Amino acid sequence: MSALAVELGAINLGQGFPDSDGPREVLDIAIDSINAGLNQYPPGNGMQVLRGAIAQHQLRFYGVSYNCDTEVLVTAGATEAIAGAILGLLEPGDEVVLFEPMYDSYQACIALAGAVSVPVLLEPPSYRPNMAALESVITERTKILLINSPHNPTGMLLTREEQEQIVRIAQQHDLVIISDEVYEHLVFDGQHHTSIAEIPEARERSIVISSGGKTFSTTGWKVGWAVGPAHLIAAVRSAKQFLTYVNAAPFQPAIAHGLLMPDEYFERLANNLEDRRNQLCEVLSESGFEYFSPEATYFVTADIRSMQLNGDGREFCRRLAHEAGVVAIPNVAFYTPQNAHHGRHLVRFAFCKQESVITEAANRLRNWSL
Ligand code: PMP
């Protein structure tokens with residue numbers, strides 16, 4: 001869809017990347033690091049300065065302490081942390097229970113490990129997890145519960161109570177939790193993300209994953225991390241060793257600096273994005289879409305059935321690109337093949353774009369839907 005947006009000169013509200021730079025001071029540290037010659041392999045588990053900053057960040061925002069030498073691993077984006085955790089922990093035939101729709105790399109990595117994805121549907125309009133459904137699919141082959149909150153593509157944020165229920169299930173069945181928290185700082189309406197590892201019973205069985213990409217608008221740097229108890233982080237590291245070995249030396253001190261920036265930075269980021277969410281949701285509603293208002297992330301999922309009578313999200317996205325000059329993503333991409341019909345009529349818009357870009361997209365959508 002991004003290629004189509006370029007080809008047509010359409011406004012790209014498809015792929016989730018911001019169209020403005022992150023903090024100048026963070027960018028400058030990367031430039032200075034290159035100029036200072038920080039251009040060779042950094043240590044395998046990441047540079048000390050970044051591992052220390054990640055540990056401080058987890059303590060400051062979530063009150064969870066990690067040993068930065070044994071319990072923190074720097075990865076090539078959250079994507080490599082996910083891949084490393086899955087490849088490092090699973091044997092062929094093992095099962096991973098995860099919510100669907102889902103970030104598309106989960107299924108692919110589970111397949112690479114020869115393991116099996118066992119999806120549990122998050123159903124509209126609330127997309128809240130159904131714990132009975134979750135528990136009902138657990139078997140003795142289940143090894144991992146993979147969760148993602150704040151959730152892509154729906155923008156659902158797990159409550160503390162839901163997290164506690166998930167942890168209880170993990171404890172009962174002795175499962176490892178992989179918790180993808182990459183949108184941790186993009187939370188709206190005065191709510192806050194809580195890390196799964198804040199729950200004491202979760203700390204020793206959870207790999208918490210995040211990334212600098214979303215928080216510092218540096219998605220192209222691919223600096224991510226995994227934190228968790230030493231034995232689980234060692235498993236992720238053993239896979240990472242042969243995936244990328246190391247990554248992104250000059251970006252590591254820059255992201256370290258970002259993680260230590262004052263609270264105001266993180267608050268402003270969420271507030272700005274909340275304004276963009278409101279702007280986009282208003283126009284979606286005026287244009288006749290039904291949508292789920294996201295509590296977090298930078299995505300909004302809309303139901304297109306009132307505008308596309310056959311309910312085909314792929315066809316709708318192609319029409320929208322050609323006729324309105326706005327690109328969205330068909331949500332069918334976030335479902336397993338067996339459940340694709342649940343996402344067929346849904347599309348995702350990203351609002352991590354400048355105000356003027358969303359205003360222009362809004363004008364195009366209004367004119368198109370007239
Ligand atoms: N997890 C989720 C839920 C995501 O949406 C994304 C990015 N789209 C990632 C992980 C990947 O993050 P990174 O770019 O740091 O690899």
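Only heavy atoms go into these numbers, but all of them, side chains included; no hydrogens, no water, no symmetry mates. In this text the structure is predicted, and so the values were computed from the model without any measurement. First listed ligand is number 1; within each ligand, the first listed atom is number 1.
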Just distance, no hydrogens or angles: give the donor-acceptor pairs under 3.5 Å from side chains in residues 230-239, sequence neighbours left out.
unit_1	atom_1	unit_2	atom_2	d
Ser238	OG	Ala235	O	2.8

**Message:** Against the six-membered ring of Phe351, is Arg277 placed for a cation-pi contact (under 6.0 Å from the centre, within 45° of the normal)?
**Reply:** no

**Message:** With a 4.0 Å cut-off on N to O distance, would you call Glu95 and Lys143 a salt bridge?
**Reply:** no

**Complete:** From the list Thr297, Thr301, Asn152, side-chain hydrogen bond (donor to acceptor under 3.5 Å, both in side chains) with Arg348 holds only for Asn152

For ligand 1, what N or O to protein N or O distances fall under 3.5 Å?
unit_1	atom_1	unit_2	atom_2	d
ligand 1	1 (N)	Asp180	OD1	3.4
ligand 1	1 (N)	Asp180	OD2	2.5
ligand 1	5 (O)	Asn152	ND2	2.8
ligand 1	5 (O)	Tyr183	OH	2.6
ligand 1	8 (N)	Lys214	NZ	3.1
ligand 1	14 (O)	Lys222	NZ	3.2
ligand 1	15 (O)	Ala78	N	2.8
ligand 1	15 (O)	Ser211	OG	2.7
ligand 1	16 (O)	Ala78	N	3.1
ligand 1	16 (O)	Thr79	N	2.9
ligand 1	16 (O)	Thr79	OG1	2.6
ligand 1	16 (O)	Lys222	NZ	2.7

**Request:** Classify the angle between the aromatic ring planes of Phe316 and Trp368 as parallel (below 30°), tilted (30 to 60°) or perpendicular (above 60°).
**Result:** perpendicular

**Asked** Looking only at heavy atoms, what is the nearest atom pair of Pro150 and His193, with distance?
**Response** CD-ND1, 3.6 Å

